[in-house]
Amino acid sequence: MEDLRALIRTIPDFPKPGILFRDVTTLLGHKAGFHKAMSLLIARYKGARVDKVAGIEARGFILGAAIAYGLGVGFVPLRKKGKLPGEAVGEDYALEYGTDRIEMHVGAVEHGERVLLVDDLIATGGTAEAAIKLLTAAGAAIVETCFLVDLPELKGAERIKKLGHNVFALVEFEGH
Ligand code: AMP
């Protein structure tokens, strides 16, 4: 996976000083890299009886939609507060300063559906945890939570595993 790792650009001090932003747009823009990353993930979940893929705004939409297409299943967008036009349910989660909220349309997943959760990166796991709460409150079963990048030092994957869910990431980066 070293080749995929090398395609992810690191931008220091974005969006604020001290953060190493792991920018996956360089991987998305690389035809062989994007194809390989999506092929690996689609192959991983091909036999996993996934009913739907849920992606977290915004980069989780790009990856999640490609994976859903590859699996031949539907896609559910988990959006930032106030963006969904229909009736929505939401889950608040803590940021370093303040809180944020993700929302999902009522009826987007059905009770008992097997849902794969996708985002580009897991750091503290706060966003993924909120997404899991939203999906499970709607009656979904989480097949796995899936990322391009894990930042293990921030212990997000540990946090999600403690909740009883599997975490899979194609690559890891040191630091945060
Ligand atoms: P967290 O809730 O702390 O796991 O943060 C995950 C969310 O924030 C994901 O949607 C990521 O896209 C974004 N994110 C957090 N840290 C980084 C980082 N160092 N580089 C790029 N994206 C990040």
Side-chain angles (χ1 to χ4, degrees), residues 8 14-15 19 21-25 27-28 34 37-38 40-42 44-45 48 50-71 73-96 98-110 113-152 154-173 176:
I8 297 169
F14 182 89
I19 304 280
F21 193 86
R22 306 300 181 173
D23 175 24
V24 301
T25 65
L27 169 60
L28 298 176
F34 185 41
M38 293 304 95
L40 285 168
L41 295 177
I42 290 161
R44 177 174 178 85
Y45 298 110
V50 173
D51 293 314
K52 273 179 185 147
V53 175
I56 299 173
E57 185 170 358
R59 293 176 293 275
F61 289 180
I62 302 163
L63 305 166
I67 296 167
Y69 178 79
L71 293 175
V73 302
F75 175 79
V76 175
L78 303 181
R79 296 214 64 178
K80 301 278 164 66
K81 177 171 56 192
K83 304 275 187 178
L84 289 168
E87 190 191 347
V89 281
E91 184 69 37
D92 293 317
Y93 59 100
L95 299 173
E96 201 176 343
T99 61
D100 214 337
R101 182 177 176 83
I102 52 168
E103 296 181 342
M104 178 177 77
H105 268 146
V106 171
V109 296
E110 279 163 39
E113 276 191 315
R114 291 171 53 79
V115 175
L116 174 67
L117 178 63
V118 177
D119 201 2
D120 65 326
L121 178 145
I122 182 162
T124 67
T127 313
E129 182 175 342
I132 288 169
K133 285 186 183 158
L134 255 188
L135 290 164
T136 51
I142 308 293
V143 175
E144 189 158 80
T145 60
C146 165
F147 307 88
L148 290 183
V149 180
D150 179 19
L151 306 181
L154 292 176
K155 302 192 186 305
E158 263 178 49
R159 174 176 177 173
I160 300 304
K161 285 175 192 162
K162 278 193 194 131
L163 296 173
H165 300 287
N166 288 332
V167 179
F168 180 76
L170 282 178
V171 305
E172 293 184 353
F173 283 95
H176 46 84

Trainee: Can you name the closest pair of heavy atoms from C146 and Y45 and give their distance?
Mentor: CB-OH, 3.5 Å

Trainee: Using salt bridge (charged side-chain N to carboxylate O under 4.0 Å, His left out), reason through D92 and R101 one step at a time and then give a plain yes or no.
Mentor: CA-CA 4 Å; D92 293 317; R101 182 177 176 83; 3.2 Å; yes

Trainee: Return all side-chain donor-acceptor pairs below 3.5 angstrom for residues 121-141, not counting sequence neighbours, or 'none' if the list is empty.
Mentor:
unit_1	atom_1	unit_2	atom_2	d
T124	OG1	G126	N	3.3
E129	OE1	R159	NE	2.7
E129	OE1	R159	NH2	3.1
E129	OE2	K133	NZ	3.4
T136	OG1	I132	O	2.7
T136	OG1	K133	O	3.3

Trainee: Restricting to non-hydrogen atoms, name the atom on G74 and the atom on A68 that form the minimum distance, rounded to 0.1 Å.
Mentor: O-CB, 3.8 Å

Trainee: Count the heavy atoms belonging to other residues, nucleotides or ligands that lie under 6.0 Å from OH of Y69, then report whether that count exceeds 12.
Mentor: no

Trainee: Drop me the distance from F147's CZ to I160's CD1, to the nearest 0.5 angstrom.
Mentor: 6.5 Å

Trainee: Measure the CZ-CG distance between F168 and L116 for me, rounded to the nearest 0.5 Å.
Mentor: 11.0 Å

Trainee: For L151 and R22, which heavy atoms make the closest approach, and how far apart are they?
Mentor: CD2-CG, 4.2 Å

Trainee: NZ/K155 to NZ/K162 distance, rounded to the nearest 0.5 angstrom?
Mentor: 8.0 Å

Trainee: Quick one: pull up CE in M104 and CZ in R79 and give me the separation to the nearest 0.5 Å.
Mentor: 14.5 Å

Trainee: How far does CE of M38 sit from CG of L28, to the nearest 0.5 angstrom?
Mentor: 7.5 Å

Trainee: Can you give the donor-acceptor pairs under 3.5 Å from side chains of residues 83-90 to other protein atoms, not counting sequence neighbours?
Mentor:
none

Trainee: Only one of T145, V118, L117 passes side chain to side chain contact (heavy atoms under 4.5 Å, CB included) with I56; say which it is.
Mentor: L117

Trainee: Calculate, to the nearest 0.5 Å, the distance between atoms NZ and CD belonging to K80 and E103 respectively.
Mentor: 11.5 Å

